[in-house]
There are 2 protein chains.
Amino acid sequence: MIDLRRVQVLRVLADRGTVTATAEALHLTPSAVSQQIRLLADDLGVELLERTGRNVRLTVAAHALLRHADALHEQWERARAELAVGSRVTGTLRLCGVSSAVAALMAPAVARLRRDFPELDVHVAEEESEDCFTLLLAGQADIAVVLPTAGTPPVDDARFDQHVLHEDPQDLLVWRGHPFAEGGGGGGGGDVDGVRLSDAAAENWIVKPRHNDTYDLLLAACSAAGFTPRVTHHVKEWFAVSALVAEGFGVCLLPRLVPVPGEHPVVRVPVRGNPRPVRKFLCCVRRGSGSHPALAEGVRALRAAVGRLPG
Amino acid sequence: MIDLRRVQVLRVLADRGTVTATAEALHLTPSAVSQQIRLLADDLGVELLERTGRNVRLTVAAHALLRHADALHEQWERARAELAVGSRVTGTLRLCGVSSAVAALMAPAVARLRRDFPELDVHVAEEESEDCFTLLLAGQADIAVVLPTAGTPPVDDARFDQHVLHEDPQDLLVWRGHPFAEGGGGGGGGDVDGVRLSDAAAENWIVKPRHNDTYDLLLAACSAAGFTPRVTHHVKEWFAVSALVAEGFGVCLLPRLVPVPGEHPVVRVPVRGNPRPVRKFLCCVRRGSGSHPALAEGVRALRAAVGRLPG
DNA sequence: GGTAATTACGCGAATCGTAATAATG
DNA sequence: CATTATTACGATTCGCGTAATTACC
């Protein structure tokens with residue numbers, strides 16, 4: 001009869017690309033995934049996969065099926081949400097997000113949720129943005145707070161609802177004693193209202209490695225400001241970045257949400273200019289699920305956490 | 001995760017009204033039905049059934065779920081149909097219908113289908129109109145040819161697509177020698193163009209028992225013609241009806257699709273007037289499934305059978 | 001040789017049926 | 001007392017995992 005569980009496997013397969021990765025995402029073995037897809041294909045009487053090299057590729061029939069699957073899942077989510085409206089907020093709510101979102105937004109949001117809805121048990125997982133969408137798709141997470149990248153779905157993807165949760169401005173992090181750090185009516189270029197990025201064109205830059213959203217953000221911002229930064233150090237962890245800045249090896253762009261250890265003699269200097277370098281946190285749910293009470297309260301708590309941010 | 005099989009059980013339960021009847025329709029035991037509904041309710045976190053006497057009644061939440069279920073199933077049927085378009089007509093096609101539809105329409109239609117599409121194996125089942133819809137709903141039949149009654153769903157029911165396949169006129173069946181049987185320019189009320197029903201107001205009527213579509217049809221037609229028929233005999237089978245007519249015990253309204261044994265000395269006289277008494281055969285499928293190649297060919301074959309009817 | 005996908009087969013869990021229980025008309 | 005629904009428990013089926021096979025890079 002009607003069995004959407006198998007369609008769900010195909011859906012994740014379309015997201016991940018390989019049977020092995022799909023099995024991983026669904027906590028299954030490649031064998032199970034292969035069998036489910038085969039049974040679905042037999043049931044529908046069409047081929048869904050064709051081998052290409054040692055991988056598989058979805059047929060046009062599979063893609064046609066997926067278009068319908070998106071609509072079906074949306075409808076299903078709406079049904080679930082509508083049924084739950086009015087009843088008490090209970091059950092399980094699973095959040096996932098990138099590290100800075102977990103630390104700065106989810107932690108306080110979850111604290112609030114646990115206080116306001118003791119019957120709701122909330123789970124949090126830190127994952128990369130791309131993986132967050134896979135978790136949503138696989139039904140293993142309900143709300144994701146991510147940063148849009150080339151690997152994340154477009155805003156109008158039929159599988160998700162995405163909206164901007166927070167715009168996180170980037171500060172210029174300099175060592176204590178740096179000209180920019182002398183705020184107020186001081187001499188150099190420093191200013192309480194911030195410095196222009198172009199004023200820092202001559203600095204040495206410390207960055208997180210490539211394929212990191214802040215790396216791309218720096219390049220884009222500097223490009224808009226009319227220069228290419230001289231990148232001298234690549235470091236993975238923010239506390240290591242700020243340590244290097246403290247020692248005067250260079251400056252960096254630091255998201256305001258990211259805290260710096262108190263013992264590091266560094267100064268945050270706001271960046272002004274147009275466009276100001278910001279990274280936008282997106283709040284994402286499976287399309288249609290947003291009106292579910294538990295999810296709605298989760299999103300509300302995240303918004304409240306944004307509202308209670310300092311500054 | 002997503003499991004529409006349980007929703008399907010609820011759907012049939014809504015159609016049949018009791019757990020026992022649902023189990024019957026799905027070829028299950030009441031135990032299985034009860035358990036599936038319970039699991040579904042637990043999964044959704046809402047009550048779906050409440051006991052009323054020794055039966056059950058669907059809650060408002062259950063009805064809300066069913067509204068979505070109708071849309072989900074339509075979408076699913078559309079997906080299945082779209083995927084099958086273009087590929088060869090194969091698989092299984094299950095027809096059901098009332099007896100006269102089976103005899104006069106389905107038999108020739110199936111013959112044609114078996115000739116044109118040898119890969120398609122076609123099954124036929126004779127069922128009452130109400131049961132035909134249950135078969136469609138339960139996924140145990142694909143096309144139904146029925147007569148609309150008080151117990152069948154309204155035309156705009158979201159679960160089905162219904163359209164008029166054939167209008168079956170009713171003839172007046174009289175014994176040989178009856179005044180109406182003297183066609184041409186004869187004496188009484190007889191006429192090649194038929195007689196008015198009101199001309200037969202004084203006759204004795206033989207009918208199939210109450211709760212039969214032809215019984216209701218007769219009463220409605222006579223009411224429109226301005227009289228109430230004097231019903232003298234109730235008989236179940238048409239051949240027995242015509243036998244009584246042949247013996248001169250009375251007349252009857254006989255659907256043109258129903259054949260009479262050749263040895264019975266009776267005459268069919270067309271009925272004219274406005275509105276002419278006709279019964280309308282409906283061709284019904286699950287909503288959204290109509291564009292599936294096998295179903296489309298089935299419907300086409302039925303239409304062809306209608307076109308090849310005598311007269 | 002390492003990786004990806006698909007089989008073949010044995011095991012475990014989900015689901016169904018039987019039987020007993022409760023409640024209604 | 002017959003009918004309807006639910007629960008408990010044993011049985012069957014379906015689906016997953018392990019392992020072997022094939023194909024590809």
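Naming convention: chains lettered A, B, ... in sequence-line order (proteins, then strands); numbering from 1 in each chain.
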In whole angstrom, give the distance that lies between atom [atom1] of [X] and atom [atom2] of [N].
X       : N      : atom1 : atom2 : value
A/Gln35 : C/dG10 : CD    : P     : 14 Å
B/Glu24 : C/dC16 : CD    : P     : 17 Å
A/Gln8  : D/dC16 : CD    : P     : 13 Å
B/Glu50 : D/dT6  : CD    : P     : 12 Å
A/Asp42 : D/dC14 : CG    : C1'   : 15 Å
B/Arg57 : D/dT6  : CZ    : P     : 14 Å
B/Leu13 : D/dT4  : CG    : P     : 14 Å
A/Ile37 : C/dT7  : CD1   : C1'   : 16 Å

Nearest of [options] to any side-chain atom of [X]?
X       : options               : result
A/Thr29 : C/dA5, D/dG17, D/dT7  : D/dG17
A/Leu28 : C/dT15, D/dC16, D/dT6 : D/dC16
B/Arg54 : D/dA2, D/dA5, D/dC16  : D/dA2
A/Arg6  : C/dC16, D/dA2, D/dG15 : D/dG15
B/Arg51 : C/dT6, D/dA8, D/dT6   : D/dT6
A/Ser31 : D/dC25, C/dC16, C/dA8 : C/dA8
B/Asn55 : D/dG15, D/dA5, C/dC16 : D/dA5
A/Ser34 : D/dC16, C/dT6, C/dT15 : C/dT6

| B/Arg38 side chain near D/dT7 phosphate (N/O to OP1/OP2, under 4.0 Å) | yes
| query | Do B/Ser31 and B/Gln35 have a side chain donor and acceptor closer than 3.5 Å? | reply | yes
| task | May I ask you to test the B/Leu65-B/Leu44 pair for a side-chain heavy-atom distance under 4.5 Å? | result | yes
| Between B/Arg210 and B/Asp216, is the closest basic N to carboxylate O distance under 4.0 Å? | no
| Between A/Arg88 and A/Glu119, is the closest basic N to carboxylate O distance under 4.0 Å? | yes
| task | Please work out if A/Gln36 contacts a base, only the sugar-phosphate, or nothing of the nucleic acid, heavy-atom cut-off 4.0 Å. | result | sugar-phosphate
| Checking side chain to side chain contact (heavy atoms under 4.5 Å, CB included) against A/Ser129, which of A/Asp213, A/Leu282, A/Thr152, A/Val145 comes through? | A/Thr152
